[in-house]
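Structure first, then comments.
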2 protein chains.
Amino acid sequence: MSMRLQDVSETAPLRSCTHEYKVNCETCRLSRICLPLAINHKDLEQLENIIQRSKPLQKNELLYHEGSPFQSIYAVRSGAVKGYRTTSDGREQVTGFYFPGEILGMDGISNNSHASSARALETSAICAIPFDSLERLSASMPSLQRHLFQLMSREITEDQLLITLLSKNSADERVATLLLSIASRNARRNLSASQFRLPMSRVDIGNYLGLTVETISRVFSRMQKTGVLRVDNKEIEILDQEALQLAANIAN
Amino acid sequence: MSMRLQDVSETAPLRSCTHEYKVNCETCRLSRICLPLAINHKDLEQLENIIQRSKPLQKNELLYHEGSPFQSIYAVRSGAVKGYRTTSDGREQVTGFYFPGEILGMDGISNNSHASSARALETSAICAIPFDSLERLSASMPSLQRHLFQLMSREITEDQLLITLLSKNSADERVATLLLSIASRNARRNLSASQFRLPMSRVDIGNYLGLTVETISRVFSRMQKTGVLRVDNKEIEILDQEALQLAANIAN
DNA sequence: GCGCGGCCATGATGCAGATCAAGAATCGGC
DNA sequence: GCCGATTCTTGATCTGCATCATGGCCGCGC
């Protein structure tokens with residue numbers, strides 16, 4: 001609610017930046033886990049041509065806002081982004097965290113308007129991929145079309161996992177599951193799966209997991225006391241992977 | 001858990017039925033809200049050719065099962081279906097209810113294997129649409145491709161609404177929201193939005209909404225007592241639409 | 001038409017996590 | 001490198017829903 005006070009630095013949409021940053025998928029070390037993974041070398045250039053890159057988003061800047069016209073889906077190149085929707089009484093519900101190599105914004109397709117908002121959790125570089133171009137391209141590139149279907153399908157199954165987590169699991173289980181998810185996504189990017197810095201606040205974690213800040217704090221403290229984690233503010237070290245897995249696997 | 005006892009009548013997959021039932025999209029009164037809505041008259045025949053119809057599923061029969069190979073998405077023609085996934089400790093989480101004209105099974109695309117199961121809540125006629133054919137077709141029919149993207153996107157936004165409901169709303173709010181959702185989906189099919197029969201049990205409702213059977217019963221009783229609903233077993237009448245909307249709209 | 005099994009309703013009690021409150025640590029701006 | 005704002009931690013208390021328990025109901029098979 002008082003979150004609203006942060007809305008000071010909302011930027012114009014990405015595409016209004018005329019200056020294109022010199023990056024391409026060819027040399028991007030995320031290409032093996034991002035959109036290009038579906039595309040062979042010679043087709044990559046066509047994708048390359050439609051992707052727009054712009055100056056990085058600063059922490060707390062908006063990538064897109066609920067209700068704004070849908071034009072692009074986005075790939076995170078660096079940093080981290082949270083997706084959320086605002087309820088009618090003004091509270092927000094965090095629906096996902098997005099790390100480098102991950103795609104967001106696909107919920108805007110059905111209405112031609114974004115159904116959620118996205119905000120940078122830290123300074124983040126983002127690739128915008130205009131969806132109408134992508135659609136045209138994918139009609140002639142079956143592997144791209146398939147990959148897009150798969151991406152959306154994965155988003156659906158992940159949302160269903162979250163639904164299950166929220167309706168069946170205890171606070172400890174929810175937190176353990178989130179930490180393991182972040183750990184495995186780090187591993188995918190060849191980062192440490194056992195030691196990392198959380199880009200999001202306790203409030204965001206609690207919001208995402210359907211818990212209060214206090215509960216998140218308590219779970220972290222408890223897990224620190226039992227030797228499962230070492231917690232130093234946002235710095236997390238998983239000391240006992242097995243125990244954490246056990247805590248998470250009770251019900252999923 | 002004791003749900004398992006119902007698993008008596010599982011059928012072979014739809015496509016093993018050689019006998020095709022004489023139905024087509026052209027004459028189906030759901031065509032305006034189902035897949036064909038995206039397709040013009042002359043292209044419809046091609047879609048028609050790939051759709052498989054088979055003998056109706058009986059109550060409690062499985063349409064597809066978690067982990068089974070993904071081949072088709074499904075459209076409900078009559079009856080009602082519930083989607084659910086089984087947690088590692090054997091409990092089930094209902095992830096959605098599907099009524100005539102609605103599409104399910106898209107969560108299977110990402111892995112080529114179904115991420116959830118689907119079971120008929122009552123005798124139900126189902127159209128199976130082989131996905132590889134649909135994919136090929138959609139590469140040459142932009143409006144179909146777009147419609148598929150939109151369908152999946154809608155599923156994502158609906159899952160996000162459920163996530164919000166589960167993590168922010170009280171028992172009353174959840175139940176009210178579900179009833180209004182069913183009412184409006186009835187209206188889309190030109191059925192009464194104020195009087196209908198619930199195809200699912202209280203257990204399924206509770207499971208879907210992250211509540212226990214007892215709580216569902218109590219909420220129904222309470223709403224009956226306050227004159228918002230008339231409840232007669234599965235038969236529901238919405239007496240005070242405004243009040244119900246108010247109860248639901250507290251937070252979404 | 002009777003009996004049995006699954007489904008539903010309702011009351012009594014317990015508990016996980018929310019809420020309220022207050023202090024400590026950290027961050028960001030100058 | 002200091003100060004105010006924000007974020008985080010920890011404790012005390014409260015509460016909505018789960019859990020446990022019981023009885024009624026409804027539908028179905030014989």
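Every chain is numbered from 1, with letters handed out A, B, ... down the list of sequences. These numbers come from a predicted model, not from an experiment.
Regarding contacts with the backbone of D:dA18, a side-chain N or O of B:Thr212 is found under 4.0 angstrom from either OP1 or OP2. Not one side-chain nitrogen or oxygen of B:Thr215 sits closer than 4.0 Å to the OP1 or OP2 atom of D:dG16. Distances shorter than 4.0 Å separate none of the side-chain N or O atoms of A:Lys234 from OP1 or OP2 on C:dC27. Listed pair A:Ser201 / D:dT7 fails the phosphate criterion, with no side-chain N or O lying under 4.0 Å from OP1 or OP2. Phosphate proximity of C:dG17 to A:Arg218: absent, as no side-chain N or O sits under 4.0 Å from OP1 or OP2.
Comparing A:Asn233 and A:Gly210 by the nucleotide of DNA chain C that holds the closest heavy atom to each, the one mapping nearer the 5' end is A:Gly210. When each of A:Met200 and B:Ser170 is assigned the nucleotide of DNA chain D bearing its nearest heavy atom, the one mapping closer to the 5' terminus is A:Met200.
Rounded to whole Å, atom P of C:dA18 lies 11 Å from atom NZ of B:Lys168. In this entry the distance linking CD1 of A:Ile205 with P of D:dT7 reads 13 Å, nearest Å. Note: CD1 (A:Ile216) to P (C:dT19) measures 13 Å, nearest angstrom. Distance A:Arg202 CZ to C:dA24 C1': 14 Å, rounded to the nearest Å. Atom pair A:Asn207:CG and D:dC8:P shows a separation of 13 Å (rounding to whole Å applied). Note: CG (B:Leu209) to P (D:dG16) measures 19 Å, nearest angstrom. One interatomic measurement links the two molecules: CG of A:Asn60 to P of C:dG29, which rounds to 11 Å at whole-angstrom precision. Atom C1' of nucleotide C:dC27 and atom NZ of A:Lys59 are separated by 8 Å, given to the nearest angstrom.
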Inset, instruction - Could you walk me through whether A:Tyr74 and A:Tyr98 pass ring-ring contact (aromatic ring centres under 6.0 Å, His included), step by step? - result: CA-CA 10 Å; A:Tyr74 301 91; A:Tyr98 300 90; over 10 Å; no
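At least one donor-acceptor pair under 3.5 Å links the side chain of B:Ser124 to the backbone N or O of B:Glu122. Side chain of A:Asp204 to backbone of A:Val94: no donor-acceptor contact under 3.5 angstrom is found.
By the 4.5 Å heavy-atom criterion applied to side chains, A:Asn207 and A:Gln93 are counted as neighbours.
Not a single donor-acceptor pair, N or O on each side, falls under 3.5 Å between the base of C:dC8 and the side chain of B:Glu214. Judged by distance alone with a 3.5 Å cut-off, no donor-acceptor contact links the side chain of A:Arg174 to the base of C:dG17.
Counting only heavy atoms from C-beta on, B:Ser217 has its side chain closest to C:dT10 among C:dT26, C:dT10, D:dC8.
In this structure, a donor-acceptor pair under 3.5 Å is present between the side chains of A:Thr87 and A:Asp89.
At the heavy-atom level, A:Leu211 lies under 4.0 Å from the strands shown only through sugar-phosphate atoms.
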